[in-house]
Q: 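Structure in structure tokens, see below.
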Amino acid sequence: RARDRAQNFDLRRQLVPGCDPNAHVTLMPPRPLCGTEDEAIQLIESCAKSIPPLKLEAAGIAVFPETNVVYVEISSGRDALLEIHSRLNIGALTLQEAYSYHPHITLAQDLTQSESETARDIALREWKNYQGPRSYEVSEITFVRNVAGLQWVDLATIHLSERVNV
């Protein structure tokens, strides 16, 4: 996960009461490892050495029709996330994914189509009225393990390179 350290508005909590609204962009959808956790961490650390902090911009609200997930679309920084995903999908992290990687910030999931449409409509209204920041800098990657349902434990936080590519 690439974590959003910016102050964010409370839309996720509004759509999914009781959730942990820890805004993030998933770099690698959940997967079984093809190696050890240590090997996966080493792979992420190696990759992160050549990635400068990223500026991401949240662009709008959308829904994945296959899964009814309501999400915030990423515009600026999207290509960099696609590249990072491609670079990480090797070794211990390799997986042939069911869906093409699509950088986003999840707002609500595990919804029926009707619930998804209602959540989307609320999110569109709130997004239109939101006056806060829509971009933020990502400077670290957090490697997580699923422990139960939608509960995750942080295993390692890896900082991106401080050097700027010219």
Side-chain angles (χ1 to χ4, degrees), residues 1-8 11-12 15-16 19-111 123 133-166:
R1 296 192 290 207
R3 288 242 172 117
D4 168 6
R5 293 286 185 207
Q7 189 72 8
N8 57 60
L11 181 55
R12 183 164 166 86
L15 297 176
V16 186
C19 79
D20 175 11
N22 186 6
H24 67 276
V25 175
T26 299
L27 291 171
M28 305 299 291
R31 66 198 53 229
L33 294 179
C34 295
T36 67
E37 288 176 355
D38 286 340
E39 289 170 335
I41 291 168
Q42 288 173 0
L43 176 64
I44 297 166
E45 288 174 338
S46 176
C47 184
K49 289 178 184 176
S50 64
I51 302 169
L54 310 170
K55 183 171 183 177
L56 303 181
E57 185 169 345
I61 305 298
V63 176
F64 290 123
E66 304 88 0
T67 59
N68 296 317
V69 170
V70 180
Y71 65 93
V72 177
E73 189 76 61
I74 302 293
S75 58
S76 178
R78 184 178 192 283
D79 290 343
L81 292 170
L82 289 166
E83 174 65 23
I84 294 167
H85 174 271
S86 176
R87 290 174 56 192
L88 287 174
N89 196 17
I90 61 170
L93 295 172
T94 301
L95 179 70
Q96 181 65 40
E97 297 163 357
Y99 302 103
S100 296
Y101 176 62
H102 185 112
H104 66 280
I105 302 168
T106 300
L107 294 175
Q109 60 193 34
D110 297 328
L111 305 175
R134 292 178 189 243
S135 64
Y136 55 95
E137 185 174 276
V138 173
S139 60
E140 62 188 33
I141 296 172
T142 302
F143 181 55
V144 299
R145 177 191 315 134
N146 181 261
V147 292
L150 297 176
Q151 296 179 13
W152 303 87
V153 172
D154 294 354
L155 298 179
T157 297
I158 297 105
H159 295 277
L160 300 177
S161 169
E162 291 302 319
R163 75 177 171 81
V164 176
N165 290 342
V166 183

Q: Could you grab the distance from atom OG of Ser135 to atom CG of Leu54, nearest 0.5 Å is fine?
A: 12.5 Å
Q: Less than 4.5 Å apart, side chain to side chain, heavy atoms only: is that true for Ile51 and Arg87?
A: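 The answer is yes; the side chains approach within 4.5 Å.
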Q: What I'd like to find out is whether the side chain of Ile141 reaches to under 4.5 Å of the side chain of Thr157, using heavy atoms alone.
A: no
Q: So, the side chain of Arg31 versus the backbone of Leu93: is there a donor-acceptor pair under 3.5 Å, distance only?
A: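 Yes: the side chain of Arg31 pairs with the backbone of Leu93.
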Q: Rounded to the nearest 0.5 Å, what separation is found between the CD1 atom of Ile105 and the OG1 atom of Thr26?
A: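 If I round to the nearest 0.5 Å, the distance is 10.0 Å.
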Q: If we count only N and O atoms by modelled type, under 3.5 Å, do the side chains of Ser100 and His102 hold a donor and an acceptor together?
A: no
Q: About how many Å separate CG of Leu160 and CD1 of Ile84, when rounded to the nearest 0.5 Å?
A: 6.5 Å
Q: Can you name the nearest heavy-atom pair linking Phe143 to Glu37, along with the distance?
A: CE2-O, 4.0 Å
Q: Heavy-atom distance under 4.5 Å between the side chains of Val69 and Val63, does that happen here?
A: no
Q: Tell me the closest heavy-atom pair linking Leu56 and Gly77, and the distance in Å.
A: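 Of all heavy-atom pairs spanning Leu56 and Gly77, the closest is CD2-CA, 3.6 Å.
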Q: Would a 4.5 Å heavy-atom cut-off, applied to side chains only, mark Val72 and Leu11 as touching?
A: no
Q: NE2/His159 to CD/Glu140 distance, rounded to the nearest 0.5 angstrom?
A: 5.0 Å
Q: To the nearest 0.5 Å, what is the distance between CD1 (Ile44) and CD1 (Ile158)?
A: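 Ile44 atom CD1 to Ile158 atom CD1 measures 4.5 Å (nearest 0.5 Å).
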Q: Less than 4.5 Å apart, any side-chain heavy atom of Thr67 and any of Tyr99?
A: yes
Q: How long is the straight-line distance from CZ of Arg134 back to OG of Ser76, given to the nearest 0.5 Å?
A: 14.5 Å
Q: So which heavy atom on Leu33 is nearest to which on Ala40, and how close?
A: CD2-CB, 4.2 Å
Q: Below 4.5 Å, heavy atoms only, C-beta onward: do Glu73 and His104 meet side chain to side chain?
A: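 Not touching, per the 4.5 Å side-chain cut-off.
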Q: According to the interplanar angle, ranging from 0 to 90°, do the rings of Tyr71 and Phe64 count as parallel (below 30°), tilted (30 to 60°) or perpendicular (above 60°)?
A: parallel
Q: Show the nearest heavy-atom pair for residues Glu97 and Asn89, with the distance to one decimal.
A: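 Minimum heavy-atom contact is OE2-ND2, 4.3 Å.
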Q: Contact between Leu81 and Val138 at the side-chain level, heavy atoms closer than 4.5 Å - yes or no?
A: no
Q: I need the minimum non-hydrogen distance between Leu88 and Met28, along with the two atoms involved.
A: CB-SD, 3.6 Å
Q: Specify the closest pair of heavy atoms between Ala92 and Thr36, including all atoms of both residues, with the distance to one decimal.
A: CB-O, 4.2 Å
